[in-house]
Amino acid sequence: MGHGGDVIQELTTDHREVDDLFARIEKVPPGSPERKHLVDLLTIELVRHSVAEELHLYPAVREHLSGGDALAEKELSEHERVERLLKELDEREADASDFDRLIVELRTEVTAHVQDEEEVLFAALRRACSAQTLDELGERVRTAKKTAPTRPHPGAPDTPPANKLLAPGTGLVDRARDFVTGRGK
């Protein structure tokens, strides 16, 4: 969940973990309950990652980058599409007729988002921000992931101040549900 380093290192490491989870899912036969378990792990990682970006990365993009508002809005709309797909997967078992199609759609969306972030957004942030600012953002992102929700909530606010007020409480409820059900273990 927390890796260390500046915000770009932290989020890039998250991206590689997501890539690994997709690869693990692909190795499991369709319809297997293990696919559902791996999708739950993927969902937990993606939701925590997205919430942390929405709380800290995208406000920094708005503040530090020319055209940052438009960039942040684009990233938020991509998060919304991913979260809707995660919600659909959350509502299905691995043997559902559209489960595998949804995984392919999700991977396509996530891969495009990650590529854009790493090639465009992160490079622009590295040029615009001091090392200290990037380090501070990395620490804020790591802290946010500890209390972030673990389940998709597509209707939840994704911009300040509402997201900063609601995410910790939603995260607490999600983690309690995960504990009771054993999800994510």
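Worth knowing before you read on, the calculation uses all heavy atoms, side chains too, and leaves out hydrogens, waters and symmetry mates.
Between I8 and R126 the shortest side-chain heavy-atom distance falls below 4.5 Å. Contact annotation: the side chain of L121 never approaches that of D116 to less than 4.5 Å [non-hydrogen atoms, C-beta and beyond]. Looking at L137 and E10, their side chains never come closer than 4.5 Å, going by heavy atoms from C-beta outward. Between L102 and R92, the closest side-chain pair of non-hydrogen atoms falls below 4.5 Å. Between L71 and Y58 there is no side-chain heavy-atom pair separated by less than 4.5 Å. The shortest side-chain heavy-atom distance between E83 and L46 does not fall under the 4.5 Å cut-off. Residues R48 and K146 have side chains not in contact (no heavy-atom distance under 4.5 Å, counting atoms from C-beta outward).
The side-chain hydrogen bond (donor to acceptor under 3.5 Å, both in side chains) test with H113 is passed by exactly one of K74, H15, E118, H79: H79.
With a 6.0 Å radius and a threshold of 12 heavy atoms from other residues, nucleotides or ligands, E91 has its CD atom above the threshold.
Checking side-chain atoms of K36 against main-chain N and O of D90 turns up a donor-acceptor pair under 3.5 Å. For the pair D98 (side chain) and R101 (backbone), a donor-acceptor distance under 3.5 Å is absent. Of the possible donor and acceptor atoms, one in the side chain of T108 sits under 3.5 Å from a partner among the backbone N and O of V104. Formation of a donor-acceptor pair under 3.5 Å by the T133 side chain with backbone atoms of C129 is not found in this model. Under the 3.5 Å distance criterion, the side-chain polar atoms of E109 are left unmatched by any main-chain donor or acceptor of L106.
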**Study point:** Step-by-step side-chain contact (heavy atoms from CB on, under 4.5 Å) determination, V141 to L11
**Key:** CA-CA 8 Å; V141 163; L11 296 174; 3.8 Å; yes
**Study point:** Full working for side-chain contact (heavy atoms from CB on, under 4.5 Å) between V114 and T12
**Key:** CA-CA 9 Å; V114 164; T12 300; over 6 Å; no
Point to revise | Check against salt bridge (charged side-chain N to carboxylate O under 4.0 Å, His left out), R84 and E88 | key: CA-CA 6 Å; R84 274 187 266 132; E88 287 186 59; over 6 Å; no
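Rounded to the nearest 0.5 Å, atoms CZ (R24) and CG (D19) are 13.0 Å apart. Atom CD in E26 sits 10.0 Å away from atom CG in D100 (nearest 0.5 Å). The CD atom of E93 sits 8.0 Å away from atom CZ of F99, with the distance rounded to the nearest 0.5 Å. We find the CZ-CG distance between F122 and D6 to be 9.5 Å, quoted to the nearest 0.5 Å. Atom CG of residue L55 and atom OG1 of residue T147 lie 7.5 Å apart, to the nearest 0.5 angstrom. Rounding to the nearest 0.5 angstrom, the gap separating the CG atom in L76 from the CD atom in E53 is 9.5 Å.
Residues D135 and G5 approach most closely at OD1-C, 4.4 Å, considering heavy atoms. The two atoms that bring I103 and F22 nearest to each other are O-CE2, 4.2 Å, heavy atoms only. Taking both residues in full, the closest heavy atoms of R35 and A94 are given as CB-CB, 4.3 Å, listed atom of the first, atom of the second, then distance. The shortest non-hydrogen separation linking E117 to E75 is CG-OE1, 3.4 Å. Here the closest non-hydrogen pair linking L21 and L42 is CD1-CA, 3.7 Å. For the pair E45 and V18, the tightest heavy-atom approach, listed with the atom from each and the gap, is CG-CG2, 3.8 Å.
Salt bridge annotation for E73-R62: present, with a cationic side-chain nitrogen under 4.0 angstrom from a carboxylate oxygen.
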